[in-house]
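Labels below follow one simple rule: chain letters A, B, ... track the order of the sequence lines, proteins then strands, and each chain is numbered from 1. This structure is a prediction, so every number in the text was calculated from the model and none was measured.
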Protein chains: 2
Amino acid sequence: MVAESELNTGVLLFLPYRALENRVFAALAEAGFDDFTPAQARVMQRIGPDGTRLTELAEQAQITKQTAGFLVDQLEKAGYVTRVPDPTDKRARLVRGAAKAWAAKEVANAVVAEVEREWEEHLGKRRMKQLREALTLLREVTDPWA
Amino acid sequence: MVAESELNTGVLLFLPYRALENRVFAALAEAGFDDFTPAQARVMQRIGPDGTRLTELAEQAQITKQTAGFLVDQLEKAGYVTRVPDPTDKRARLVRGAAKAWAAKEVANAVVAEVEREWEEHLGKRRMKQLREALTLLREVTDPWA
DNA sequence: TGACATTGGTCAGAGTCTCTGACTAATTTG
DNA sequence: CAAATTAGTCAGAGACTCTGACCAATGTCA
């Protein structure tokens, strides 16, 4: 057992993911966006520019639609989203991000960019590129919505 | 915006992590290890060969020690762990994995190895090596216990 | 040595997240 | 058009997590 970590790839993926998420949450809280929870954020993150159906949010977040509904209720109360009728289907409603959500997203994006810069500095441009390449390729076998 | 995904590195890390975790859980359940939850597993995973203190488990899992205590209680009732006094500190106890836990870990390890093989097949040996290299290097800036 | 701070852990209570099951309404299918 | 599917809700329960308060053992340092 020399150099190279013996950690399995799962842990290796999780560690930087968690570090990044922590950074984003801290920055969001500092910017005043402290009235939503991680669970709510994981749903909000998946709202498309033109709104997204509850069922689709649930699928992508891998939670039940009941849970998704519960979380969207909270987000709605906090002013992050609104629900509008889906013009193409009278059963459905579209969950739309409100201005507050996009403002939060901007803060989050800035932090992600910052952390990505730090990582690139640590790894070097070449290795960072390789990392993103490999991960992107991996989506093909791990992302049901790829 | 061409080819290459525009997803941020966080999502890119999360997707394969979740896919792997799902695979492991499914296999565990199929092998009869269906009496513990993901939250419990995330604590159990961190128990060292000679046992680990509650406080340390809590820190590494990034949960409060109360929550860790709650989860270890469940694991103890289900027969996955035992608590023994820490010979070096009368306040502390060591959470030790029981045989059942090591058996589950074996199943989990096998699945992880299988998935890693699949990923290597998809990425090619070279890119898989680069991926693990980059992730391992990233630990230095993202893992507080590195 | 002895007061004081720190550390390991528990108890109690509350809020949040998540699920299963059962149901309504609209849409799609044969 | 009847039957099956899909979008979503309501109700209830279990699981997870936190804050605050607390006790006992250990460490610090004058």
* Asked: With sugar-phosphate meaning primed atoms plus P, OP1 and OP2, does A/Arg42 contact a base, only sugar-phosphate, or nothing at under 4.0 Å between heavy atoms?
  -> nothing
* Report the C-alpha distance between A/Leu135 and A/Leu13 in whole Å, list the side-chain angles of each, state the deciding distance to 0.1 Å, and finish with yes or no for side-chain contact (heavy atoms from CB on, under 4.5 Å). => CA-CA 10 Å; A/Leu135 290 174; A/Leu13 290 164; 3.8 Å; yes
* From the list C/dG8, C/dC17, D/dG8, which nucleotide is the closest neighbour of the side chain of A/Arg53? -> D/dG8
* Check step by step if side-chain contact (heavy atoms from CB on, under 4.5 Å) holds for A/Val141 and B/Glu118. => CA-CA 9 Å; A/Val141 285; B/Glu118 291 173 15; over 6 Å; no
* To do: Answer yes or no: does a side-chain N or O of B/Thr64 lie under 4.0 Å from OP1 or OP2 of D/dT17?
  => no
* To the nearest Å, how far apart are A/Lys90 NZ and D/dT6 C1'? -> 16 Å
* Describe the nucleic acid contact of A/Asp89 in one word from base, sugar-phosphate, nothing, applying a heavy-atom distance below 4.0 Å. => sugar-phosphate
* Asked: Reckon A/Gln40 touches a base, only the sugar-phosphate, or nothing at all at heavy-atom distances under 4.0 Å?
  -> sugar-phosphate
* Asked: A/Gln74 CD to C/dT18 C1': how many Å, rounded?
  -> 13 Å
* Asked: Does any non-hydrogen side-chain atom of A/Met128 lie less than 4.5 Å from one of B/Thr9?
  -> yes
* **Between P of D/dC18 and CD of B/Glu59, the distance in whole Å** => 13 Å
* Asked: For the residue pair B/Phe36 and B/Ala41, what are the closest heavy atoms and their distance?
  -> CE1-CB, 3.7 Å
* Using a 4.0 Å heavy-atom cut-off across all strands, classify B/Thr37 as base, sugar-phosphate, or nothing. => sugar-phosphate
* Measure the angle between the two terminal helix axes of the helix from C/dT1-D/dA30 to C/dG30-D/dC1, five base pairs each, and quote it to 10°. => 40°
* Please give, in whole Å, the distance from D/dC23 C1' to B/Leu54 CG? -> 16 Å
* side-chain N/O A/Thr67 vs C/dC17 OP1/OP2, d < 4.0 Å -> no
* Donor-acceptor pair under 3.5 Å: do we get one between B/Arg91's side chain and the base of D/dT26? -> no
* To do: Please lay out, stage by stage, how A/Arg132 and A/Glu120 fare under the test salt bridge (charged side-chain N to carboxylate O under 4.0 Å, His left out).
  => CA-CA 11 Å; A/Arg132 288 189 51 92; A/Glu120 179 163 302; over 6 Å; no
* Asked: Heavy-atom count around B/Gln62 CD within 6.0 Å, excluding the residue itself: above 12?
  -> yes
* Does some side-chain heavy atom of A/Arg53 sit less than 4.5 Å from a side-chain heavy atom of A/Leu94? -> yes
* To do: Could you check B/Thr55 against A/Pro38 and say which one's nearest nucleotide on DNA chain C is further toward the 5' end?
  => B/Thr55
* **Gap between atoms CZ and P, on B/Phe70 and C/dT10 respectively (whole Å)** => 14 Å
* Determine, using ring centers only, whether B/Tyr17 and A/Tyr17 are less than 6.0 Å apart. => no
* Whole-Å distance between D/dC18 P and B/Leu71 CG? -> 10 Å
* Over how many whole Å does the gap from A/Gln62 atom CD to C/dC19 atom P extend? -> 10 Å
* Between A/Lys65 and B/Asp73, just flag the one whose closest nucleotide in DNA chain C comes earlier from the 5' side. => B/Asp73
* Can you check whether any acceptor in the base of D/dG12 is under 3.5 Å from a donor in the side chain of A/Gln66, or vice versa? => no
* Structure fact -> Separation of D/dA25 atom C1' from B/Asp86 atom CG, nearest Å, is 12 Å
